[in-house]
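Positions are given from 1 along the sequence.
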Amino acid sequence: MAQASEFSGTIGTRGALYKKRRDALVKSTGGPVVVCAAYETGPFRFCQDSSFFYFTGLEEPGAVCLIAVNGHATLFVPQYASSRAQWVSDALAISDATALEHGFDAVVALGDCCPGHSIALQGCEAQWRELAACLTDLVKACGRPDGSTKIFTDLHALVAWKLCKLVSGLEACLADSRPFIAQLRRCKDKEEIGLLYRAAELTMQAQAAAACAIKPGVTEAEVQAALEYAFTAAGAYPAFPSIVASGKRATVLHATPIAINIGQQDCVVVDCGACVDRYCADVTRTYPSAGTFTARQAQIYDAVLQIQEHVASLAQPGYWLRNDQVPEKSLYHCALAKCAELGYAEYWVHSISHFVGLDVHDVGDASKPLAEGDVITIEPGLYLPQESLGVRIEDMYWIIKDGAICLTEDLPRDRKAIEELAQSAFE
Ligand code: GLY
Ligand code: MN
């Protein structure tokens, strides 16, 4: 084992939370796990790997977390060049105190000092020396009666390739950690539900700002600016590229806003989500640019809302997001059946739900039925390009023992209430 600082202090509440998650992970894999941080890819906002964040709470690029079967967790941290402090003002190498606060048992300096000021993915072998030394020990234990049969990881392909060159026998010992991680991340704890509520709250404010901005002659891009102002001013950022799509463009599912004027009587789909403290929201509303829907728009709007309410009334443990073998308990099939009953099946084009959490389309195996702690979207839409009309309504639901709680209940979705909100643009 490489030179490590070992700690024996008491870990705090946050450290205990990450430790609990890491212990659950090795319990589910039955073998040691290597979890890797993301790398910096240029002078842009660094985006940490969601799973690394889930198990460590650290925004550190290029770090590696090794969890032994007994839960002993070692953090490998990259070594900064001195120029980093000049270029990345808040860059401070992880101190032992921080590592202890996040529930680690030991810290090891990882490889040679990174060249330049950013922590980019390095191909050089010196970068992986310490981790390779640890893995060599694990490989020796691999397959022995007292050792694990596999080392679980989702190593970046380049890193895996480098490490396999450095550690003989490693390749045969590697197993995919992702299914185990996804299963754990699916079930949100109370802390995560609180963070999702915060992201949802800010997204509802952004939706209200969008409704206030939408009127004929205003551009989609101006509406985007209005809603994203709410995110930026609150220290959040868009969880995905915001969608503001009017008229025929509302029938293109991921149309990003452009400097096109909204028409006199368009439906405008606004699909956006804040990312706050790493947790994402995803909420869609469809507004009438005129302040009221036309009769045809109202007909389609009411159908979409009915489908959403129907699916929301069913969502509970034991149902699937989609299961072709059990259509009566599959939210997708139930949505489609309701849509057909209303006579609009030909305008249905996408799925009904996805998990949401640290990622907006969060990890989780949809072939396993819903369970308490899942957070999903329910997002029916109907798209009629020949009529330049698209409507989507999307909310977030927390699956509890016997149903689902809507995290975005406070944002109106009833047609009359949406019209009232849309009319705020004319006040
Ligand atoms: N809200 C965008 C999507 O779920 O794809
Ligand atoms: Mn969605």
Between R392 and T286, is any side-chain donor less than 3.5 angstrom from a side-chain acceptor? no
What heavy-atom pair brings M396 and L196 nearest, and what distance separates the two atoms? CE-CD2, 4.2 Å
Decide if atom CH2 of W320 counts as having more than 12 heavy atoms of other residues, nucleotides or ligands within a radius under 6.0 Å. yes
Return yes if a side-chain donor-acceptor contact under 3.5 Å exists between E228 and S242, otherwise no. yes
Side-chain H-bond candidate by donor/acceptor type, D324 with H333, under 3.5 Å: yes
For G364 and A182, which heavy atoms make the closest approach, and how far apart are they? N-CB, 3.9 Å
Please walk me through it: do S51 and R185 pass side chain to side chain contact (heavy atoms under 4.5 Å, CB included)? CA-CA 8 Å; S51 294; R185 276 181 52 190; 2.8 Å; yes
Would you mind reporting whether L66 and L138 have side-chain heavy atoms less than 4.5 Å apart? yes
Do Y287 and Q207 meet the criterion of a side-chain donor-acceptor pair at a distance under 3.5 Å? yes
More than 12 foreign heavy atoms under 6.0 Å from OH of Y237: is that the case here? yes
Going by atom types only, do T284 and D271 share a side-chain donor-acceptor pair under 3.5 Å? yes
Donor-acceptor side-chain pairing of E379 and H354 below 3.5 angstrom: yes
In terms of side-chain heavy atoms, does Y39 have a donor or acceptor partner in H156 at a distance below 3.5 Å? no
Check this for me: E171, atom CD, are more than 12 non-hydrogen atoms of other residues, nucleotides or ligands nearer than 6.0 Å? no
Taking atom types as modelled, find out whether S289 and D266 have a side-chain donor-acceptor pair closer than 3.5 angstrom. no
Between K20 and D23, does any side-chain N to carboxylate O distance fall below 4.0 Å? no
Basic-acidic side-chain contact under 4.0 Å: E201, R198: no
With no hydrogens and no angle check, do the side chains of D359 and S50 hold a donor and an acceptor under 3.5 Å apart? yes
With a 6.0 Å cut-off on ring centres, are Y18 and F55 close enough? no
Run T74 and D105 through side chain to side chain contact (heavy atoms under 4.5 Å, CB included) and show every step you take. CA-CA 6 Å; T74 306; D105 300 290; 6.0 Å; no
Carboxylate-amine/guanidinium contact E191 R14, below 4.0 Å: yes
Side chains of I262 and V223 in contact at under 4.5 Å (non-hydrogen atoms): yes
Check whether the side chains of D395 and Q308 place a donor and an acceptor atom closer than 3.5 Å, and report yes or no. yes
How would you list, by chain and number, every residue that makes a side-chain contact (heavy atoms from CB on, under 4.5 Å) with A132, sequence neighbours excluded? L163, L166, V167
R186 to D374 - nearest heavy-atom pair and separation: NH2-OD2, 2.6 Å
